[in-house]
Amino acid sequence: MSSSNPPTSRPANSAFDTTLCVEDLRDALSAHGITLPSLRVDLPSFAGRYQPPAGLVALGNCNTATAYQLARALRGENRTPSPPPLDVELVAVPKALQGLRRTVRRHLGAPCADVQLCVTELVTNVIRHVGEGTTVRVRVARTDGNRIRVEVTDPAKEALPVSLPSAPDDETGRGLALLDAVALCWSVEQGVEGKTVWCELAGAE
């Protein structure tokens, strides 16, 4: 039986340790469609040629500690967990937008002009089509697919966003066109007490 953790009841780099480690590596590689012939050797005999005995694994002659780290990495166990999402409630007024953009930038910890643009346009859409002073909930989160998801929820579930044609001289009406231009996808979800307009962007800008 394989294990993702080095055994604690036996000396490190024992023949048992090495064999167990190779089984772990073989299983982890197999999950990625990788088969290495070097992992089919008789490990105690192979490792016995080295000093200290059983100290090396037949994968680039790495030691057991490195082999365990590789197995964990292949399984995704070394991934840094995503930070919790930004989740704020605010009154939708124009003067709140600058502070909201700064909050998003601090949360993501990197330049995020497209994310800030989408947050601004979605909240501005609420101001224009639902009403200034409406309470909205803004959520920004990283997804497992290396994307950034932006959600803006307001209480007007029937006031759905509609993309309207605009003339070159128009000062408004381009919010959804900008969303189409910078977001990978966007949509609207209607709930019992309101609606959520969301979009997803590439994680790195």
Side-chain angles (χ1 to χ4, degrees), residues 4-5 28 31-32 68-166 170-205:
S4 59
N5 295 315
H32 289 262
Y68 278 118
Q69 287 181 329
L70 178 57
R72 286 194 295 269
L74 286 167
R75 291 195 177 94
E77 296 173 15
N78 290 341
R79 293 177 185 169
T80 302
S82 298
L86 171 68
D87 197 337
V88 296
E89 192 172 275
L90 68 144
V91 176
V93 293
K95 66 180 182 181
L97 295 175
Q98 185 175 1
L100 180 59
R101 286 191 291 268
R102 285 197 300 266
T103 300
V104 170
R105 169 66 174 79
R106 283 196 299 270
H107 173 73
L108 294 177
C112 53
D114 285 351
V115 178
Q116 291 173 308
L117 174 64
C118 288
V119 169
T120 298
E121 291 302 327
L122 291 178
V123 175
T124 299
N125 196 64
V126 174
I127 294 172
R128 289 175 178 159
H129 302 289
V130 178
E132 185 171 338
T134 299
T135 299
V136 298
R137 179 187 177 193
V138 178
R139 191 172 185 269
V140 179
R142 294 187 183 274
T143 71
D144 291 338
N146 192 31
R147 293 185 176 187
I148 297 175
R149 183 179 175 95
V150 175
E151 300 177 354
V152 175
T153 302
D154 67 72
K157 66 177 181 179
E158 302 299 333
L160 301 179
V162 178
S163 184
L164 299 174
S166 58
D170 289 347
E171 296 182 1
T172 61
R174 295 189 177 87
L176 295 182
L178 288 172
L179 207 62
D180 275 328
V182 302
L184 299 172
C185 56
W186 71 273
S187 188
V188 185
E189 296 177 359
Q190 290 175 289
V192 176
E193 298 180 352
K195 71 175 183 294
T196 297
V197 184
W198 62 267
C199 64
E200 290 187 356
L201 302 95
E205 293 191 318

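Under the side-chain contact (heavy atoms from CB on, under 4.5 Å) test applied with Trp186, the options Leu201, Leu179, Val150 reduce to a single match, Leu179.
Two residues are said to be in side-chain contact when any heavy atoms from C-beta on lie closer than 4.5 Å; Leu86 and Val138 fail this criterion. Val104 has its side chain within reach of Cys112: a pair of non-hydrogen atoms, C-beta onward, lies under 4.5 Å apart.
The local environment of CD in Gln98 is sparse, with at most 12 non-hydrogen atoms from other residues, nucleotides or ligands closer than 6.0 Å. Within 6.0 Å of the CZ atom in Arg137, the count of heavy atoms belonging to other residues, nucleotides or ligands does not exceed 12.
The heavy-atom pair separating Val182 from Cys118 by the smallest distance is CG2-SG, 3.4 Å. A pairwise comparison of heavy atoms in Glu151 and Thr196 identifies CB-CG2, 3.8 Å as the closest pair. Closest approach of Val192 and Lys157 over heavy atoms only: O-NZ, 3.5 Å. Nearest heavy atoms, Pro85 versus Arg139: CG-NH2, 3.4 Å. Considering every non-hydrogen atom in both Ala92 and Val126, the closest pair reads CB-CG1, 4.3 Å. In plain terms, the two heavy atoms of Lys195 and Val188 that are nearest each other are CD-CG1, 4.1 Å.
For the atom pair CH2 of Trp198 and CZ of Arg149, the computed distance is 5.0 Å after rounding to the nearest 0.5 Å. Considering CG of Asp154 and OG1 of Thr135, their distance stands at 10.5 Å, rounded to 0.5 Å. Rounded to the nearest 0.5 angstrom, Asp114 CG and Cys199 SG are separated by 9.5 Å. Separation of atoms CG (Leu97) and CD (Glu121) is listed at 9.0 Å; rounding is to 0.5 Å. One finds the CG atom of Leu122 at 10.5 Å from the CG atom of Leu100 (value rounded to the nearest 0.5 Å). Interatomic distance, OG1 of Thr134 versus NE2 of His129, reported as 12.0 Å (0.5 Å rounding).
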Under the side chain to side chain contact (heavy atoms under 4.5 Å, CB included) rule, what do Glu189 and Thr153 come out as? Steps first, then yes or no, please. CA-CA 9 Å; Glu189 296 177 359; Thr153 302; over 6 Å; no
Assess the residue pair Glu158 and Gln190 against the criterion (side chain to side chain contact (heavy atoms under 4.5 Å, CB included)); give the C-alpha distance rounded to whole Å, side-chain angles, the decisive distance to 0.1 Å, and a yes or no. CA-CA 8 Å; Glu158 302 299 333; Gln190 290 175 289; 4.2 Å; yes
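At least one donor-acceptor pair under 3.5 Å links the side chain of Gln116 to the backbone N or O of Arg101. Remark: the backbone N or O of Leu184 is not paired with any side-chain donor or acceptor of Glu200 at under 3.5 angstrom.
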